[in-house]
Every structure is written in structure tokens, then in C-alpha cells.
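Here is the structure we will look at, set down as C-alpha cells.
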2 protein chains.
Amino acid sequence: MTEPVEISNAELVILNVLWQQAPLLSADIVLQVQQQEDWHEKTIKTLLNRLVKKGALSFEKDGRAYRYSPILAQQDYQQRAGSKLINNLFAGSVAGLVAGFAQQGQLSDQDVAQLKAIIAEWEQQEDSSC
Amino acid sequence: MTEPVEISNAELVILNVLWQQAPLLSADIVLQVQQQEDWHEKTIKTLLNRLVKKGALSFEKDGRAYRYSPILAQQDYQQRAGSKLINNLFAGSVAGLVAGFAQQGQLSDQDVAQLKAIIAEWEQQEDSSC
DNA sequence: GATTTAAGATTACACCTGTAATCAAAAAGA
DNA sequence: TCTTTTTGATTACAGGTGTAATCTTAAATC
């Protein structure tokens with residue numbers, strides 16, 4: 001079992017960039033992040049450093065520059081963070097969260113279509129597992 | 001628009017107790033919390049204080065003791081925290097989170113039943129809204 | 001080769017958080 | 001009334017976080 005690496009909000013922005021494309025030079029990461037957040041280059045470098053120390057990123061040298069890749073897998077972190085929220089705030093009920101979104105009119109057509117597909121597959125699996 | 005009150009993990013434990021039943025004397029809150037967490041009474045008092053300062057709790061004096069109630073509504077906070085997670089980690093797709101749970105075999109019968117009901121209601125609303 | 005640049009490493013600093021201990025005041029008991 | 005208890009208020013303190021500035025070193029330029 002891996003220790004649960006805690007990722008801060010700012011660090012998550014960096015990770016999201018690298019989960020989308022990796023490896024990336026720090027300079028490219030800076031560019032990507034700055035399209036989204038108004039952060040100083042030094043700030044982004046600090047976050048890269050912290051993520052490496054936390055074991056969430058790895059890097060290899062390319063001359064003067066570093067090329068970063070995620071170690072922490074997106075799915076793993078999604079799963080951990082999702083479960084934590086559901087457990088702490090929705091008494092463990094995923095449907096509870098979805099219900100909240102629905103009430104707020106925040107469910108898209110696409111969401112509903114995907115949910116139907118998920119349910120269909122789940123039911124099929126249920127059947128075949130008996 | 002209310003300012004987005006940031007609630008820490010430890011503070012959330014306190015809020016969960018008060019969302020379930022309020023108002024409550026601090027002594028009772030301590031008892032409730034200690035059934036779940038091994039925290040010193042002083043720690044719990046500190047958290048109550050911080051929540052009051054953050055505007056998440058109110059209190060009224062009852063002689064020597066205080067009687068606390070939530071100001072921050074559970075639904076509001078659920079909505080904010082849920083949206084934040086979905087946006088930051090699942091590209092805004094609620095279904096994405098549910099899909100992750102499904103893949104992990106973490107969807108219960110009850111979840112699926114509830115999801116179906118949510119979808120049914122959503123579709124009915126869709127129809128009647130044209 | 002000497003100097004300027006530019007990359008990462010180190011340091012900074014205030015505020016938040018977890019986790020209490022101590023202080024002050026009022027109530028309860030002797 | 002004096003003392004003990006109990007309650008909230010204040011203080012503590014290390015580690016995390018947001019947000020960089022400064023330092024160091026190696027590469028690039030003159």
C-alpha cells in the first residue's frame with residue numbers, strides 16, 4: 001500500500017497539466033499553467049519541487065532543464081479524493097452527490113447519457129456474476 | 001453572494017455533528033465527536049471557536065455554556081465542495097466520478113436504484129420543460 | 001576566457017491546520 | 001466568603017500552503 005500523498009489545490013493544477021501530457025519540460029509546464037492561472041514562474045517551479053519531494057512527480061535531466069512526469073496516477077488520485085469527499089460529506093453515498101447536482105440543475109445531457117451507460121453495464125455485470 | 005468559507009477536514013467533523021442535530025451544547029458536541037475521533041476536549045473547543053470565527057457556526061449562551069448551531073447549510077457546502085472536486089479533478093463531469101466508482105466496484109444496489117430515480121425525474125423534467 | 005543568462009535549489013514569510021496547554025472568569029461547593 | 005471546578009478565550013507550536021525572491025551553478029555569449 002502506498003502512503004496517501006496529500007496534494008494541495010495549487011499542486012493539483014500542475015498535476016492536471018502533466019496528467020494530460022507528459023513528460024514535459026518545466027518551461028512548457030509554466031506556459032500551460034499560465035494559460036489558466038496567473039502565477040509567477042517561480043511559483044510554478046516551487047510547486048514542481050514540492051511535488052517531486054512528495055513523490056508525485058519524477059524528472060530526468062535534459063541538459064540544463066528537467067523533464068517531468070507524474071508518478072501519482074490520475075485514476076488513483078481521483079479515486080482517493082472522490083471517496084474521501086463522498087465519505088466525509090455524503091455519508092458514503094455517491095448517488096447523494098449526483099442528487100445534489102440534479103437538484104441544482106447541473107446535470108448535463110451527456111452526464112445522464114453516461115450515467116445510463118454505467119448503470120446498464122453495472123446491471124449486466126450483476127446478472128453475469130450469478 | 002456569500003464569501004466561500006473554507007472548512008478544514010477536522011472542522012468538517014464538527015459540522016457534520018451539528019448538521020445532524022442542532023443546537024447542541026459544546027459538552028454534547030464533545031461527546032458526539034469523541035465517539036468517532038480520538039480528540040482532546042480542548043481540540044474540539046478550538047475547532048468550535050475557529051468555526052465561529054469563520055462564520056460557519058453561531059452560538060447563544062446558556063448560563064456558563066454555549067449552545068451551537070450551524071450557519072453554513074449542509075447543502076450549500078456539499079454543493080460547493082462537490083462542484084469543486086468535479087471541476088478540478090473530473091473536468092466538470094459528474095458522470096466521470098460515478099464511472100470511477102463503478103469501475104472500482106464501489107457502486108451499491110442502493111446507489112444504482114437512486115441513480116435510476118434521479119435520471120427518471122430528470123427526464124420527466126426535460127419533457128415538461130418544452 | 002570573462003561575463004551574462006537561465007535553470008533549478010534554497011530561503012522567506014504570513015496564514016492555515018492539527019493538536020492541544022494555559023489563562024481568566026464565573027459558577028458551584030465547602 | 002474562599003476555594004475548586006468548569007467553561008470559554010487566549011496562546012502555543014510545528015508542519016503545510018500560497019506566493020514568490022534570492023542564491024548557485026552551469027551554459028551561452030562576447
Side-chain angles (χ1 to χ4, degrees), chain A residues 3-18 23-34 36-69 72 77 80-81 84-85 88-89, chain B residues 3-18 23-34 36-69 72 77 80-81 84-85 88-89:
Chain A
E3 355 66 65
V5 189
E6 281 308 312
I7 304 298
S8 79
N9 287 326
E11 288 161 356
L12 189 55
V13 172
I14 311 289
L15 269 175
N16 271 324
V17 165
L18 283 160
L24 280 181
L25 290 170
S26 59
D28 294 327
I29 298 174
V30 168
L31 288 182
Q32 297 267 327
V33 168
Q34 285 180 340
Q36 198 188 335
E37 307 283 343
D38 191 23
W39 292 346
H40 196 285
E41 168 238 346
K42 298 298 188 185
T43 300
I44 298 171
K45 298 288 185 73
T46 297
L47 293 170
L48 283 170
N49 243 286
R50 289 185 182 166
L51 283 166
V52 168
K53 274 187 188 151
K54 287 184 178 185
L57 293 185
S58 68
F59 66 87
E60 41 174 15
K61 294 185 188 176
D62 178 8
R64 67 206 170 268
Y66 287 10
R67 198 178 292 284
Y68 294 87
S69 299
L72 178 61
Y77 187 71
R80 280 208 289 109
K84 180 176 165 185
L85 186 93
N88 291 339
L89 220 65
Chain B
E3 354 67 66
V5 189
E6 280 307 312
I7 304 298
S8 78
N9 288 326
E11 289 161 355
L12 189 55
V13 173
I14 311 289
L15 269 174
N16 272 324
V17 165
L18 282 160
L24 279 181
L25 291 170
S26 60
D28 294 328
I29 298 174
V30 168
L31 288 182
Q32 297 267 327
V33 168
Q34 284 179 341
Q36 197 188 335
E37 307 283 341
D38 190 23
W39 291 347
H40 196 284
E41 168 238 347
K42 297 299 188 185
T43 300
I44 299 172
K45 297 287 184 75
T46 296
L47 293 170
L48 283 170
N49 245 285
R50 289 184 182 167
L51 284 166
V52 168
K53 274 187 188 151
K54 289 184 178 185
L57 293 184
S58 68
F59 66 87
E60 42 174 15
K61 293 185 187 175
D62 179 9
R64 66 206 172 268
Y66 286 10
R67 196 178 293 283
Y68 294 87
S69 298
L72 177 61
Y77 186 70
R80 279 208 291 108
K84 181 176 165 186
L85 186 91
N88 291 337
L89 220 64

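In what follows, chains carry the letters A, B, and so on, assigned in the order in which the sequence lines appear, proteins first and then strands, with residues in each chain numbered from 1.
Summarising the geometry, the separation between CG on A:Leu48 and C1' on D:dG18 is reported as 15 Å, rounded to the nearest angstrom. We find that CG of A:Asn9 is positioned 16 Å from P of D:dG16, with the value rounded to whole Å. Taking atom CD1 of residue B:Ile14 and atom P of nucleotide D:dG8, one finds them 13 Å apart after rounding to whole Å. One interatomic measurement links the two molecules: CG of A:Leu47 to P of D:dT17, which rounds to 10 Å at whole-angstrom precision. Here the C1' atom of nucleotide D:dG8 and the CG atom of B:Leu57 are 15 Å apart, to the nearest Å. Atom CG in A:Leu12 sits roughly 12 Å away from atom P in D:dT17 (whole-Å rounding). The nearest whole Å value for the distance from the CG atom in B:Asp28 to the P atom in D:dT7 is 11 Å. Between the CD1 atom of B:Ile44 and the P atom of C:dA21 there is a distance of 13 Å, rounded to whole Å.
Of the two residues contacting DNA chain D, namely A:His40 and A:Ile7, the nearest-nucleotide position lying further toward the 5' end is that of A:Ile7.
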| How far apart are the C-alpha atoms of A:Leu15 and A:Tyr77, what are their side-chain angles, what is the distance that settles it, and do they pass the side-chain contact (heavy atoms from CB on, under 4.5 Å) test? | CA-CA 10 Å; A:Leu15 269 175; A:Tyr77 187 71; 5.8 Å; no
What's the verdict on side-chain contact (heavy atoms from CB on, under 4.5 Å) for B:Val13 and B:Asn9, showing C-alpha distance, side-chain angles and the deciding distance? CA-CA 7 Å; B:Val13 173; B:Asn9 288 326; over 6 Å; no
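Applying the salt bridge (Lys or Arg N to Asp or Glu O under 4.0 Å) criterion to B:Asp38, with sequence neighbours excluded, gives no partner residue.
Of the inter-residue distances, the one linking B:Leu18 atom CG with B:Leu72 atom CG reads 11.5 Å to the nearest 0.5 angstrom.
By the 30° and 60° cut-offs, the orientation of the rings of B:Tyr68 relative to B:Phe59 is tilted.
At the phosphate of D:dA20, neither OP1 nor OP2 sits under 4.0 Å from any side-chain N or O atom of A:Trp39.
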Counting primed atoms, P, OP1 and OP2 as sugar-phosphate and everything else as base, the B/S/- map of nucleotides 3-16 of chain C against protein heavy atoms under 4.0 Å is ----SBS--B----
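Within the structure, the salt bridge (charged side-chain N to carboxylate O under 4.0 Å, His left out) test picks out the following pairs touching residues 4-13 of chain A (sequence neighbours left out): A:Glu11-A:Lys54.
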